[in-house]
Every structure is written in C-alpha cells, then in structure tokens.
Amino acid sequence: MSITYIEAIKQAQDECLAEDDSVFIYGQDIGNFGGAFKATQGLKKKYPDRVLDAPISEDAMIGVAIGAAINGMKPIIEMQFADFSTVGFNQIVNNAATHYFRTGVPVPMTVRLPSGGTPGSGPFHSQCLESIYSHYPGLVVMTPATIEDAYYMLKEAVQMPDPVIYCEHKFLYRWLKADKLGEPDLPINKARVVRSGKHATIVTYSAMVHEAVRAADALKEESDWDIEVVDLRMVKPIDIDTVLASIARTGRVLVLGEGFPWGGIVAEVVKQIVADGFHLLDAAPKTLNSKDTPIPFHPKLWSTHRPTPQSIAQAMRELLHQ
Amino acid sequence: MSITYIEAIKQAQDECLAEDDSVFIYGQDIGNFGGAFKATQGLKKKYPDRVLDAPISEDAMIGVAIGAAINGMKPIIEMQFADFSTVGFNQIVNNAATHYFRTGVPVPMTVRLPSGGTPGSGPFHSQCLESIYSHYPGLVVMTPATIEDAYYMLKEAVQMPDPVIYCEHKFLYRWLKADKLGEPDLPINKARVVRSGKHATIVTYSAMVHEAVRAADALKEESDWDIEVVDLRMVKPIDIDTVLASIARTGRVLVLGEGFPWGGIVAEVVKQIVADGFHLLDAAPKTLNSKDTPIPFHPKLWSTHRPTPQSIAQAMRELLHQ
Amino acid sequence: MSAPLTLPLQNRNQAISLEGVYAMYKVALKSRMLENKFSSLYKAGKILGGVYVGNGQELISGALGACLRKGTDYYAPLIRDQAGRLAFGESLLDSTRTYLGSVKGPMRGRDGNVHRGRPKEGLFAMISHLGTTASVVSGALMSERIKGTLKGKVGGTCIGDGGTSTGAFHEGVNLAAVEKLPLVVVIANNQYAYSTPNSGQYACEKLIDRAKGYGMEGYSVDGTDIVACLDVVSNAVDRARDGAGPQLIEANFLRLSGHGEHDDAFYVDEAIKQSKLGSDGLVNAKNFLMEKGMLDEKKYQDLHDSLQAEIQEAVAQAQQEPDPDPFKDDWRALSSNLV
Amino acid sequence: MSAPLTLPLQNRNQAISLEGVYAMYKVALKSRMLENKFSSLYKAGKILGGVYVGNGQELISGALGACLRKGTDYYAPLIRDQAGRLAFGESLLDSTRTYLGSVKGPMRGRDGNVHRGRPKEGLFAMISHLGTTASVVSGALMSERIKGTLKGKVGGTCIGDGGTSTGAFHEGVNLAAVEKLPLVVVIANNQYAYSTPNSGQYACEKLIDRAKGYGMEGYSVDGTDIVACLDVVSNAVDRARDGAGPQLIEANFLRLSGHGEHDDAFYVDEAIKQSKLGSDGLVNAKNFLMEKGMLDEKKYQDLHDSLQAEIQEAVAQAQQEPDPDPFKDDWRALSSNLV
Ligand SMILES: Cc1ncc(C[n+]2csc(CCOP(=O)(O)OP(=O)(O)O)c2C)c(N)n1
Ligand SMILES: Cc1ncc(C[n+]2csc(CCOP(=O)(O)OP(=O)(O)O)c2C)c(N)n1
Ligand SMILES: [Mg+2]
Ligand SMILES: [Mg+2]
C-alpha cells in the first residue's frame, strides 16, 4: 500500500477523470502503453474515451487543449519530456497564455512536463523549463517537490481556470516513496517551510528541495548551523511573504534552482527579496543554479553541472561567513 | 546624407555581404520586397544569390541557418517580427545554442529580431524576447539602442562564431536619425555610461535607454537630481563591472526593461548586482518592467503597460527617497 | 427565379438557390464596403493598428461562414475573413469596435482588428502566428466527441497559401485527419503571401494535391465564381457534417489589394492581374446576378446605399464610444485568484 | 558472381552488383551485431543512457549511408541509423566511445549514444527533437549552392513514421522542395512510433502519397529486401545528384525490437509480426546471398567472427578510456571570448 511520486500523479489523474467528465488526457503513448513514465497506466482501460494518444505534434497537442478548454473541457496534456514542449512553445505562451486577457474567456488546461535531470539523460531529456514559462503573463507554474504536492497540486491544477504548467520532476518519480498519501497541509499558493533554522534560509523548489535539506543536514552535523529550507512549491505566482518571513528570522538567503543560471525563477526571487526585504538582509543574497552550458550527458559531468548537496553546502558556508 | 537606425542595419548588412562571400540573408519577403521594415531594400539586386526569400517556416529557416553555419557560412536570418521567432524557438535554443558545446563546431549565425512595442501593434507584434533567449546557454544576445550600436554590433554579430540573437527595436527604426554614422567608441561587450550622474543609476538597454534619459532630464529639471544612465548594449553576457562601477558612484540603482516583469534580464542584473555589489548599495535596488499581462493593442492601454518617462521618474523618486 | 441552380459537382446534398447566391453576394458586398471604409479610415489616420482587407477573398470566405451554423459549429477565421465573419453572424459592431478600439468591443481594446472573436459563441479569436487554428478547432471538435455531442457539428477554418508552409498547419490538419474530425479547411490561395508568390511557398502543382497525403477529401474551386464557391463549400461542409471526415478546399483567386493598407503590392505579376484568376469575384457575382435577373443597377444602388448606411452607423457608434481606460482596466492575466 | 544484378526499377543509373549487395550486407550485419552488443551492455548496466537500436532498419538505413559519399555529401542520421552511419564511414570507435562516455569520443561525454556526429565531415549530430534534420541538411546544401559548389553533391536524412507528424519535418521538406535541393529523405516506416501504430500518426494510405503534395519524386520500397533498398535508394540519390530535385522514399518494415531496450514492445500487433512486413531483412538478405552463392554457412561464420572481434575491440578500447573530468572540462557554451 505504498505510494510513489509518479503514482501520486497517476492517482490524481485517475480521480480527476472519475470526478469530472470534462477532464481528459492527451499525449504521446499515454493510452494502452500508459505513458513513457507510466503516469497514465491503466487509465485508458477505465476511461477509454478520455485518455487519448496523440501524434508527435506538440504544437497541435496544445492547440487541441486550447480549443477543448475554451469549449468547457479541462484537458491534461502530457509532454513526453519537458524538453519537447519547446515545440509547443508558441501555442502555450502566445495562444493559451494570452487568451483570457484578450477575450475574457479562460483556458483551463494543464500541461504536465516531466522535468529535470537524471544521470545519462543528456541535453534534451533533462531540462527544467519552469523559468521560461514563468516569464510569460497568463500562466500558472507549479513545481511539486513531494508526493503530497504532486497529488494535491495536480488535482487543483486541473480544476484551475487558467493554463497551468505542471513541472513534475523525473528524478523524484520513483525516488520518493511513502506508506500512504499524507493530508494536505497548506493552500497550494503558499510556500512551505520544510526545515526550520535560524542561521540562514535556502529558498528552492522541486527536486532541489531534497538536495537543500541534505546540505542543511550536513551543515548541522559539520558545524551546528541551523539552516531553514523553504519550498516555493508554486513558482508563478510566488509566495514571497513566506520567503521574507524566513529571511526575517535568519537574515541570510541562498536561492537555489536546478535550471540554467541566467534570469529565471532564482533571479526573480532575488529581485523580489531585495525589493521588499532589503532591510532584513545581513548579507548579500547568494544564488546557485546549474552551470551556464547545455546539460551534459555523462553522469560525471552532469553531477558537476547541477547543484549538489556538496556545492549547496559550500555556497552556504560562503554565505554564513560573509 | 542622414542615417536612421534601420538604415544603419541595412548598411551593416550591405557591407557584410560586400566584404564576406560567406554572408547571406534569409527571411520572409526580404528579397525584391526589401523586408517588412525595408532593412534589406535594394540588397537582392546587389547580391541576388545571397538575399533569399523564405517560406513561412521559422523552424526551418533556423534549421537552414544552422546547416549553413556549420558548413562555413555566416547566415543572417530576418524574423519578420521577433514575436514569430517563438515558432523557431526549438531550433534556436536546442539546436543552434547547444551545437558548439556538444560537438565543438561553432554555429556563426545571426538572428535579427524586430522587437518591442509601437502603438497599436498589440500582443503579437510588440514583444521583447531577449530575456527568453538569454536564459539559454550558448547564445549571445545584443540589444542596440543607438544608430552606431545598431551598425557596429550587427557587423560584429555576423562575424562572431556563436549564434547571436540581435534584438533591433522597431520603435527606434525611424525615430533615431543622425547626420552621419559616428565612430565606434567601445568594444561591443562593454556597457556604456550614456549620461553621467551621481545620485542614482538607471541600468537599461534598447529603446528604454532613451526613455531613461528623458526621465533623468526631467528629474534634473524638477529637483536637480543627477541620474546616471547605463546602457547594457549586450544583455548576454552582461558587463556587470561597468554597472557596479556606476553604483559605486551613486549607491542607488533602478534596473529597467521593456519586457515582461518576471525573471529575465532585469532580474538577472539585480541578481548580479547584489551578488557582487551588495556593499555598494545605499538602498534596495528597484526594478521596472512592463505589466505582467499580454501587451495590449490600444495605445492608451499600451502606454500604461510599458514603462514611460513618467513611470520611470516616479520609480526614481521612490528610489531616491528610500 | 427561385428555381435551384443545377451544378456539376457530385455528392452535393444541397442545391444552391439563386436566393442563396444573392444572400451570399450581399454579405460579400457588405464585407468589401466595410473594409473599404476601414481602408479610408486607415488612410485618414483614424485606425490604431494595421488594416488587412479581404479584397478578392469575399466569395470563398463568405461561403464558408455561410455554410457554418452559429450556435452549433465552430469557426476560426483568419486575417482576410471579414466576409466569412459576417456570414457566420458576427455583428458589424464587433468589427468596427475592434478596429476603432472601443472598450465595448469584444476585445475591449486589448486586442485589435482581425484578432477579434467570441470564443463562447464558436467564433475563435486568432493569434497572429499562422497555422495555429486547425488544431484549436480540432480540440473543440474532439471535446464535442468526448461529450457525445459531436453529431451534426462542423468546424471550419481558413489558411493562406503562405500559411500552408507552417509546421503548425501541418500538425493541425494531420491531427484532424487522424481523428477523422468534421473539420473543413479552406486554403485561400490568393497567389501571394505578403510579397512572396506561390513559387516561394510550395513546389507542388496544386496545394490540393496535399489532401491525399493527409487522407482528406479535397476540392479545388475557382474563388472568383460565387456559385462554385457556395457549391464546393456547402458540399464539403455537408460531407463533414455527415461523417465523411475532414475536408480540404483550395480556392484560387488573386489578392486584389496590398498585403495591408500600407503596401502598394508593386510586386504582383501583371499577367495574373489580367487573367481570369485576377478578376474580381464580386464583379463576376454582380454580373451573374444581373444575368439571372436577381439584380439590376437600381436594386444594386439601393443595396449599396442601405449597406453604406448600416456601416456608417456602426462606425459612428464605435467612434463615439469610450476608449479603454488604463486606470480602470483590470490588469490581470490570470482568472484565478492566487495572490 | 560479379555480374550486375538486373533490377526492375526504371531510371536507374547504376546497376547493383552482387558484390555491392554483399558489401551492404556486411555493414548491416555489423550494425546489428554492434547494437546487440550495446543491448547486452545496457542490460548489464554498463551504458550510461538509453539504447535505441535499429533492428529491422539496417537495410534501408545502410542503403542511404552507402549511396552517400563522405567528403562530398551530407548525412543527418536519426536514432536507428547505426547501419547508415557505418556505411557512410563512421568508425566503430565513434560509436562505442559515445555510448560508453569516453572523453575521446566525438562528443567528449557531453552528449551520448545516437546524438553523435562529426559535422565537419558532413555527418550531422542530431538533437532529440524529431523533424529538425531536413532543414539543417537543406541549409548545408543551400550554402553549397551559394558557394557554387553544389553540383554533384547530395544530402540525405531519415525520419520515422512518427516523425512525419512534426511541423518541423513538414517545414524542412517543403523548403527543400521550394529550393529544389538535392535532398534525399528516407521515411523509415517501421509501423510504430514508440507504442503508437501508424493509424495514430497519419490517415493517408501511404506516406509516400505526400511526395506529390510537396512536389517531390517519391518511391515506396520494401525495407526487408536488400536489393530493393539498394536499388531504390541509389536511384533516388543518383537522381538528386543529377539535378532532379528532392527525393522522398518510404521504406516499410517492422521495428524488430522495443522502442528502446527498456521496452518489451508488448503492443506490437502479432499479425504484422507474422507478415512479410515483419520479416527480418537481415535474414532475408543472408538467404538471398546464399542462394546467389555469395555466402555459405562457413563464410557467414567467418564474417560473423571477424565482425565480432572488431566490435569487441572497439568496445574494449572505449571502456578503458578515461571518462570526462568535470574539473578539467572547458565549461563554456560559447566559442567567442566575450567576458
Ligand atoms: C508564423 C508566422 N510567421 C510570419 C507571420 C507574418 N505574416 C503575417 S501575414 C503573412 C503572409 C501570409 O500569407 P498567406 O498565408 O498567403 O495569407 P494572405 O496574407 O495571402 O491572406 C506573414 C508572413 C505570421 N503571421 N506568422
Ligand atoms: C518533437 C518530439 N516529440 C517527442 C519525442 C519523443 N520521442 C522520441 S522517439 C519517439 C517515437 C518516434 O517514432 P518514429 O518517428 O516512428 O521513429 P522510430 O522510433 O519508430 O524509429 C518519440 C515520440 C521526440 N524525440 N521529439
Ligand atoms: Mg496568400
Ligand atoms: Mg516508427
């Protein structure tokens, strides 16, 4: 009776389909085959008319979702990998995202993006696109880091009247396991203090939440630093109040993300922190992202390219000694 | 014998074609017709084999540029509007941008993006995409604000071994006029202090440089504030040293951009400022961008949506009184 | 006079009556006159954005709009589909208000001219990026199928010769074929995409040669012939409605104006202008109706004057309506309340 | 034995000799054996990424690679083109080094498995996003035209049945046709795209029906027949080289393995497996060569053993080579020095 992160996603979709006739899922190999990551396994059998295989046409898949959503449905689009959503990019950012503002008619659709790095996946099966989508007005962007968030946030995403970019992290799919699904503890638009501390704060999201906690544990062990970790959960909009409240306690902050270092969520969080919490800061905010190169294939390169508990702990040491 | 910003672009292309047989231009309606903005007018006649009309296929246009660049050419791609480059997005960010890192073979191509807002152009003919492209490793992004930069930067872009996203601002096309082309005064990777001051700095780029200068002039007149204005010129990579040197003089900074407010160049500049110049700051860095909605069509909405000399001056007053 | 026309096309369920042709002509003429008005307003500096008119496209565009049923069907018009919009039932005011930026228009000043729509009434609001409509309409039709309400419903959209070069169009049309959706796609082949002639967009003999490659039924039609347009389009719409799957129509004619009102179209081939392809379908239609006794100069003048008055009124009303007020506007891109 | 085979296809400039068929068979067999090796290494946990093999695709893939000339032509292979790569002249070591992550491989550990290439030698390095190669090869060919050196040169690329649904593929192929480029596009129709059968990708009868719609010459070929593959591909390549414009080939066969080595392909239709389409082209080729007296069991065993030794050596060498060192790697995405 255990549950993993990917099973939580499947269960959420199953219940969405069961509870609401206007929900359907569309994506490549998601029917009989159950999806590249098995997030829809068994669902085609239960809901044969609402779990549909798509041709390799990401642009058109998003177009279909838009037309259906305008027409009262609540489509879920599964991208086979987040990286391939660049092919549907135009329909997402220019059509889905602008529709409500332009016409007053909302577009309740959810795009599931299997995101982030796993060893040996290389430059085109490892990307984090949340920063790119967050840049555009009209999109909600979620980045669940736990089994419960994966489940509850997806269920809310599907019912939300706006287009939601739901970034599920592939590394967490089977790595996160629990005996059972926990209760919801927070509205989805609130950041969560995952680990409390007093010397510094790490603000992060998605898989990096777990790396941050490891780094914090190591620093506790190593030199008795108490590091607070805040999980943003939703990266657009951002619950900056929870972030600022944490910094009010600690005075120091590292903003951490797995994606490319230029612009994006991490820079945006820093921008918002200094805009409203400059006086709270005892030291310059630090940031950590991947390196500014494509994501390398070889695990030895990959594990240096992205932040690790070691590189996070090192950044924290620098922050704490500033 | 006067010259405009768009004529500088045309002249730069003309000379690139004349001086280097490996340069060619590819884009929609750029041949006989001379391009939607006349940036290639007359060039087809002079270089009939190297000024080529493309079908409405932005993805394939970029693919062509990649194949040609790998093969020793230096293609210039004209997008009819920056907004349409979202259709070629995948080839730009995943193919062109990753190629050098993956294979060691550089891709010397230039993508010209007619960018930015003009009244009545609406959500799909007004966008600024420099923030999106800057996010990706492997691209150089230029945003010239003057006639000279338009000219000299384009000439360097074409000769650069990397893919360059060259964002030319449509509002400046005919609005900037000079008697003649000035001499180059700075390497293209250096930011320029456009107006010196001592009380605060505005860091910006592209058309907003001119709005910032107007706001600075107004503040001088109104209350004798001396505002320094720094033009980034190239937004990836960023010359943060010149920005920090200015802040060292003024202690206060507004980072200003025309694009959407979430993430992007403006947030990145703030991130870099606080990382290396936190101790220089007498007040929290401020930022100003467009509103976080699609770009509205109606000039009355549009002129409130984007930063104006008035809203910039207002932000500066708040910054100066912090 | 009300006897149904006998037309050569096979498989046609409906006969086209002379009354039908006349009704369609009125819509096409109204469209032309409305756009002429926009064109003069543009030249007088009274339009805020660009103006892209459908001169030459009125017959094929109007035919599609006329054959679709508002309230039942879906229609995703493109930039030169003023006639189709009117035929589908879009009001003059929706058009004038959008061009003139009235806050009372369907786009409330947030978007302009050809981008307008009323998605809740089955009239989609296009984005500029070409090729994106086929998949959107397909999505609406797929959702009808899921709901079990598809039967008897049709979706229609239009694409230019140039737009067929987009990957988005290919993906959308192919998907509609895979799903066997009742989608009618009109390729309005006006010989140019902006300044680019067909030779710069495709290398096949006729675009309709692509129908087979998509597994669609395909038809060519002379876009300057009102009867043929009505006939071919109504046949295709009927077949789609009856379950024959997606339909592709290529209509050939010439764009009788510049790409937009800023463009003098110096590049248009004189030979095409002089050919049958270059003839004005509206003039042809008028002649046809005169021959058939449905129209004479007096009746035409009356029709013209009454349309002019209608248009004038819609323009005047939009002009006196308020602009959007940036300080009262609800500047929110999301409909959820998350902050 | 060295007499040229007489083959039914028209317009063929070159006769296919039995020696040619045998040479091609050797390449196809080597490809199969190499990929079998990768497959076992994968199952033993010794490969860092995924493994996607070309079982079933060797003949058509190898034929394209064999007909292109390294040093003159351009070749953009796709995921199942190990055979084409070998035929084009890619070394075994380039392959093993990339799969095994050796820093000495052409991708230096930065990219893996099927993404490798040597762009400066005319062998392009694919990205994962399907459909993007046709335009890239077109760009190389256009640049040859601009330089005045196009004559006698050809570009070749491959796409899957599923990949034809991408907009990128449509744009690239259409552009090649508009530019009348000497591009040969092989559609490797292996009946499935991952788990999706052809009925989920297209609604036309045969994908080659699209050739006419692009204005390309088109050919169908049985992908399990070595002689037919060589014949059709060499004909198309020759025609392209001679200036006949872009060529589209659809080869039909069955993917004889899962999508990747992680996939047991439970969804593959038993009836297809049992049909001629589902036969193993490599077995067919072996039988053919035995019939023609070019091969006997002894000769086959010798061939097999020598190929095995070659492969073993290339694997062993790659395995003992150093991994990339993240601390010595030149972490720069730009080749310009701007900072
Ligand atoms: C993807 C994309 N690229 C470029 C444009 C710019 N553009 C607008 S209309 C047009 C020409 C369209 O030609 P066609 O499809 O033949 O339609 P027509 O204007 O002739 O009705 C172009 C290139 C666009 N709207 N979308
Ligand atoms: C644009 C894009 N979308 C999705 C994928 C994921 N993907 C990789 S291979 C594949 C199936 C390809 O099928 P096909 O083109 O028939 O080639 P085959 O694997 O059968 O050789 C898919 C969907 C991709 N690579 N690119
Ligand atoms: Mg046209
Ligand atoms: Mg396949």
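Proteins come first, then strands; the chains are lettered A, B, ... in the order of their sequence lines, and each starts at number 1. What you see below is based on every heavy atom in this structure, not just the backbone, and it leaves out hydrogens, waters and symmetry mates. None of these values were measured; they are calculated from a predicted model.
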Side-chain heavy atoms of [X] within contact of [Y], under 4.5 Å:
X      : Y      : value
D/D111 : A/P123 : yes
D/S128 : A/F84  : yes
A/D83  : D/H129 : yes

Is it the side chain or the backbone of [X] that comes within 4.5 Å of chain D heavy atoms, both, or neither?
X      : answer
A/E58  : neither
A/T86  : side chain
A/K291 : side chain
A/A60  : neither
A/L52  : neither

Quick check on [X] against chain A: is it the side chain, the backbone, both or neither that has a heavy atom closer than 4.5 Å?
X      : result
D/D263 : side chain
D/I127 : both
D/T98  : backbone
D/Y194 : both
D/D329 : side chain

Are the side chain of [X] and the backbone N or O of [Y] linked by a donor-acceptor pair below 3.5 Å?
X      : Y      : answer
D/H115 : A/G122 : no
A/S57  : D/S165 : yes
A/D29  : D/S195 : yes

- Task: With a 4.5 Å cut-off on heavy-atom pairs, point out which of A/T293, A/V87, A/T118, A/I295 contacts chain D the most.
- Result: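 The residue among A/T293, A/V87, A/T118, A/I295 with the greatest pair count is A/T293.
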- Message: Out of A/T304, A/I56, A/N32, return the one with the most heavy atom pairs under 4.5 angstrom to chain D.
- Response: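 Among A/T304, A/I56, A/N32, the one with the most close pairs to chain D is A/I56.
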- Message: Does the plane of the ring in A/H305 sit parallel, tilted or perpendicular to the ring in D/W331? Use 30° and 60° as the thresholds.
- Response: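 Tilted, since the angle between the ring planes falls between 30° and 60°.
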- Evaluate the ring planes of D/F266 and A/F33, with Trp represented by its six-membered ring, and classify them as parallel (under 30°), tilted (30 to 60°) or perpendicular (over 60°).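 Correct class here is parallel.
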